[in-house]
Amino acid sequence: MAEELFSGLNPAQRRAVEAISGPVLVLAGPGSGKTRVLTHRIAYLIREGIDPYSILAVTFTNKAAREMKERLSVLVNPADAHALTVGTFHSLCARFLRREITHLGRERDFVIYDSDDQERLMRRVIRELNLDEKKNPARAIHARISSAKNELVSSSEFPRLNYADEIAARCYERYQNLLRESNALDFDDLLVELVHIFELFPNVLEWYQNRYQYLLVDEYQDTNKVQYTLVRQLAGEQRNLFAVGDEDQSVYAFRGADIRNIRQFEQDYSDSQVILLEQNYRSTQAILDTAQALIAGGGKKKHVKKLWTKNGVGMQVSLHEGYDQDEEASFVADEITRLVASGDYSYGGCAVMYRINAQSRALEEALNRRRVPYQIVGGTRFYERKEIKDVLAYLRLTFNPYDSVSLGRVLNWPGRGIGERSESELLRWAAELGVLTFQALRELESDTPTPFTARSKSTLLSFLALIDQFIAARAELPLTNLIDLILARLDVREALVKDYDAEEAEERWMNVQELRNVAAKYVNLPIEGQLSTYLEEIALVSEVDKVDGKADAVTCITLHQAKGLEYPAVFLVGLEEGLLPHSRSSDDPEKVEEERRLLYVGMTRARQRLYLCYAFRRLSFGRVSLSTPTRFLADIPKELIKQPKKRSAAATSPQASMFSGRGGYGGAPPRSPASTGPRPQRPVAPTEVSFVSGQPVHHATFGKGVVLSSRLVDGDEEVTVSFADKERKLLASFARLEKLA
């Protein structure tokens, strides 16, 4: 009966699917079908008699969770699919906390603060503590607190080694107190508080261990300490943990991800099975060979995957050098136009990836000039738009009126004459009374003396009456009707018309209507659960979840955001020292290797065509400087990359690419703005080697080294140099090696 589940699985995938009991680590190369393995293993467990109620699958994005559920709905019957528990760490913890948070003396109707809410609350903390906001930016302090939470370090345990630590510790303590007063949790708290409950109440943990006897975790290489701890807690003594990941794709250290978690899996679970998935179903062999050469440059690993595919060799990877970032972008836009004109590719099948969002500027201009449709991932997110945040604030107050951040956001929106002075006075009075802000509003209904004028008091009471009306309606109206009521009572459309010109007001109103459209899918739930579920899922939406895979438009996206996606044609731009590896990482070997893995992730997003691009010079922070191609290119054998066509002397004109070296791939010469000025002449091809064995040299990035050998290759001099960390083959025209005496 289960044999049909193995149809289409390769031998390694089948071994993974059939591994039922005990700890299993599946090291899955990019494009190796790990989602297929996860879903088929769940289906196999059910076919083998495992109760689906006892299976818990954890993903890192809502997109992955949806994809897993969709595939499972085909593999198992609807009742079994419904009994499964599948979701992200954050969504699952939020669900569990709705049941268990009362153990910590908290209320179940907590709200979840997103990044904007967290920053607003931190700014309030900084003001309350009379700190200089310029010297103590809210975002930076919150980042330190978030890192501490990811390491399970509480405010009382926060190290106070210097004054900056002392400031952060004070902010941490006050921030947590304000969250608690508002009955709110931030993203980190969702995980941390569940860990605390499991630690403090073993009977609660035991219930979950008995409930979820089979645990599957995707993207295990991206787990941080708190996630790692949760997995260890839930796996318990039964240890039926099925972890899928790839250390070569660990790129989220800045979020607290710890690559040691996957590297030490076999130490944590000494009886574990390790299965390698090496057959790639996404890319051509040419792309895989190039990517593997890159990742192999990072040193030896215990388990080395050798990716292979039946997709054929395919086109060679192309390397291109632009004169500057504008010419680099022009090449990308021209090549995309050419690919689409050939009929073999669509705009939606092309993606441009870069290290930082600021690199999108030149790309947008180039794509606009050629009227190429595109979508930028990482701009203003839908749920971060002001009009959306404002309406959501009313919905959150309707769910939890003690949400101080939401109350402060809309106390005077739409404008009702409550200025900053009145709001500050309300906060001061609430503190004087020793109550929360919403309770202070409630005190205005009594005979308690207040500091407000009769007009201010009347306005605040009108606001309170609105919130009370919405709270009463919540228990009776479906979610869409509740939103309609709020929009009507607040005259939201009229408020937008007052604040913006006609065209922008209409666009923002359409955004609000889209918010209502999203709510429509929740009306089939019981009325009492519609609003809470809606707000919870909105708070947990990630950037990648919103990539429109159906749009016929070029996707422009950072390398971090591109993880988990794939495209027929991929352009990686800005492959230069200072960008990749980023300047913040260049002095730390571990960070440099993460940057290498990030490039590997980008390269393995490509299915058929891969372009590696960099610029000879780049404008950054108002200054133009010469660029050095990323050190990672030196680890890729020259024969794996399509070399540039030789150009005539006419290539020295301002309209042609001067520094084709290893780049200048095909097509028409990219456009170069007149403002870039005259270009240097192309170096004459050497007729004899200039470096000899034993010659000490210095490289701007790799430091001092000794020449081992040198030879002429395709009109350039290839120099093999032994540096302190490793041996490298460099092209003399690019490496700018300095001979030492």
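Starting from 1, each residue takes its place in the sequence as its number. The structure presented is a predicted model; accordingly, all values stated were derived computationally and were not measured.
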- Query: Between R442 and D468, is any pair of side-chain heavy atoms under 4.5 Å apart?
  - Reply: yes
- Measure the shortest side-chain to side-chain distance between L230 and F96 over non-hydrogen atoms and say whether it is less than 4.5 angstrom. no
- Would L426 and L441 count as a side-chain contact (heavy atoms from CB on, under 4.5 Å) if you check the C-alpha gap in whole Å, the side-chain angles of each, and the deciding distance to 0.1 Å? CA-CA 8 Å; L426 177 62; L441 287 176; 4.0 Å; yes
- Got more than 12 heavy atoms from elsewhere within 6.0 Å of CD, E590? no
- Task: Look at atom NZ of K386 and say whether more than 12 heavy atoms of other residues, nucleotides or ligands are closer to it than 6.0 Å.
- Result: yes
- Check the pair Y252 / F60 against ring pair (Phe, Tyr, Trp, His ring centres under 6.0 Å), numbers first and verdict last. CA-CA 12 Å; Y252 292 122; F60 264 78; 7.9 Å; no
- Is any side-chain heavy atom of E514 less than 4.5 Å from a side-chain heavy atom of V518? yes
- Message: To check you understand the geometry: which heavy-atom pair defines the closest contact between T102 and R99, and what is its length?
- Response: OG1-O, 4.0 Å
- Item | N/O donor-acceptor pair under 3.5 Å between N481 side chain and L477 backbone | no
- Item | Donor-acceptor pair, side chain of Q439 and main chain of L436, under 3.5 angstrom | no
- Item | Closest non-hydrogen atom pair, A257 against D222 | CB-O, 3.4 Å
- Item | Closest non-hydrogen atom pair between A473 and L482, with its separation | CB-CD1, 4.0 Å
- Message: Using every non-hydrogen atom in the two residues, find where I527 and P478 come nearest and quote the distance to one decimal.
- Response: CD1-N, 4.2 Å
- Message: With salt bridge (charged side-chain N to carboxylate O under 4.0 Å, His left out) as the criterion, how do K591 and E594 come out once you've worked through the C-alpha distance, each side chain's angles and the decisive distance to 0.1 Å?
- Response: CA-CA 5 Å; K591 290 182 178 179; E594 175 154 317; over 6 Å; no
- Beyond-backbone contact of R428 with P451, side-chain heavy atoms, under 4.5 angstrom: yes
- Query: Under 6.0 Å from the CZ atom of R211, do we count more than 12 heavy atoms belonging to anything else shown?
  - Reply: yes
- Message: Would the distance check show the side chain of E119 and the main-chain N or O of D116 forming a donor-acceptor pair, the cut-off being under 3.5 Å?
- Response: no
- When you measure from the side chain of N412 to the backbone N and O of G417, does any donor-acceptor pair fall under 3.5 Å? yes
- Rounded to the nearest 0.5 Å, the CG atom of L234 sits from the CG atom of L56 at a distance of 6.5 Å
- Does S182 use its side chain to pair, donor to acceptor, with the backbone of S404 at less than 3.5 Å? yes
- Task: Take the angle between the ring planes of F438 and Y402 and call it parallel below 30°, perpendicular above 60°, tilted in between.
- Result: perpendicular
- Item | Pairing of E425 and R421 as salt bridge, 4.0 angstrom limit | no
- Task: Taking the side chain as every heavy atom from C-beta outward, state whether Y534 and L515 have any atom pair closer than 4.5 Å.
- Result: yes
- Query: So among T223, L194, V226, T59, which one has a side-chain contact (heavy atoms from CB on, under 4.5 Å) with F89?
  - Reply: T223
- Query: Does R180 make a cation-pi contact with F110 (under 6.0 Å, within 45 degrees of the axis)?
  - Reply: no
- Measure from NZ or CZ of R416 to the centre of the six-membered ring of F463 and say whether it is under 6.0 Å with the direction within 45° of the ring axis. no
- Verify salt bridge (charged side-chain N to carboxylate O under 4.0 Å, His left out) between D499 and R508, making sure each step is shown before the conclusion. CA-CA 11 Å; D499 292 343; R508 289 177 181 266; over 6 Å; no
- Query: Does the salt bridge (charged side-chain N to carboxylate O under 4.0 Å, His left out) test come out yes or no for R124 and E128, once each step is laid out?
  - Reply: CA-CA 6 Å; R124 175 180 168 183; E128 286 188 5; 2.9 Å; yes
- Note on the structure: From the list R489, R516, R493, salt bridge (charged side-chain N to carboxylate O under 4.0 Å, His left out) partner of D484 resolves to R516
- Of the non-hydrogen atoms in A505 and Y500, which two are nearest, and what is the gap between them? N-CB, 3.9 Å
- Message: Under a 3.5 Å distance rule, please check whether R98 uses its side chain to pair with a backbone N or O of R108 as donor and acceptor.
- Response: yes
- Query: Are the side chain of T459 and the backbone N or O of R455 linked by a donor-acceptor pair below 3.5 Å?
  - Reply: yes
- Any donor-acceptor pair under 3.5 Å from Q227 side chain to N224 backbone: yes
- Item | Criterion side-chain contact (heavy atoms from CB on, under 4.5 Å) on L559 and E595, from CA distance to verdict | CA-CA 10 Å; L559 287 163; E595 297 281 305; over 6 Å; no
- Item | Worked verdict on Y374 versus E364 for side chain to side chain donor-acceptor pair (under 3.5 Å) | CA-CA 8 Å; Y374 64 91; E364 287 192 73; 3.0 Å; yes
- Query: Crowded around R127 CZ? As in, over 12 foreign heavy atoms under 6.0 Å?
  - Reply: yes
- Message: If only side-chain N and O atoms count, and only distance matters, is there a donor-acceptor pair under 3.5 Å linking E387 with N511?
- Response: yes
- Note on the structure: Taken to the nearest 0.5 Å, the spacing of Q221 CD from D258 CG works out to 12.0 Å
- Note on the structure: Separation between CD1 (I376) and CG (L363), nearest 0.5 Å, reads 7.5 Å
- Are N150 and S146 close enough that some pair of their side-chain heavy atoms sits under 4.5 Å apart? yes
- Task: Would you mind reporting whether V405 and Q118 have side-chain heavy atoms less than 4.5 Å apart?
- Result: no
- Query: Quick check: does any side chain N or O of R106 sit under 3.5 Å from a backbone N or O of A184, one acting as donor and the other as acceptor?
  - Reply: yes
- Return the minimal non-hydrogen interatomic distance between P137 and I126, and the atom names on each side. C-CD1, 4.2 Å
- Query: In Å and rounded to the nearest 0.5 Å, what is the CG to CZ distance from L407 to R396?
  - Reply: 11.5 Å
- Task: With side-chain contact (heavy atoms from CB on, under 4.5 Å) as the test, would you mind laying out the steps for Y354 and C556 before giving the verdict?
- Result: CA-CA 8 Å; Y354 34 80; C556 299; 3.5 Å; yes
- Task: Take the angle between the ring planes of Y172 and F158 and call it parallel below 30°, perpendicular above 60°, tilted in between.
- Result: perpendicular
- For a salt bridge (charged side-chain N to carboxylate O under 4.0 Å, His left out) with D117, tell me which candidate from R409, R123, K389 qualifies. K389
- Tell me, yes or no, whether the heavy-atom count around E432 atom CD, taken from other residues, nucleotides or ligands under 6.0 Å, exceeds 12. yes
- Distance from L479 atom CG to L525 atom CG, nearest 0.5 Å? 9.5 Å
- Item | Distance, nearest 0.5 Å, that separates CD of E443 from CG of L460 | 13.5 Å
- Query: When you look at Q233 and E199, which way does the side-chain contact (heavy atoms from CB on, under 4.5 Å) test go after all the steps?
  - Reply: CA-CA 9 Å; Q233 288 175 324; E199 288 175 342; 3.6 Å; yes
- Message: Using side-chain heavy atoms (C-beta onward) and a distance below 4.5 Å, is R474 in contact with E528?
- Response: no
- Query: Parallel, tilted or perpendicular: which fits the ring planes of F452 and W429, with parallel below 30° and perpendicular above 60°?
  - Reply: perpendicular
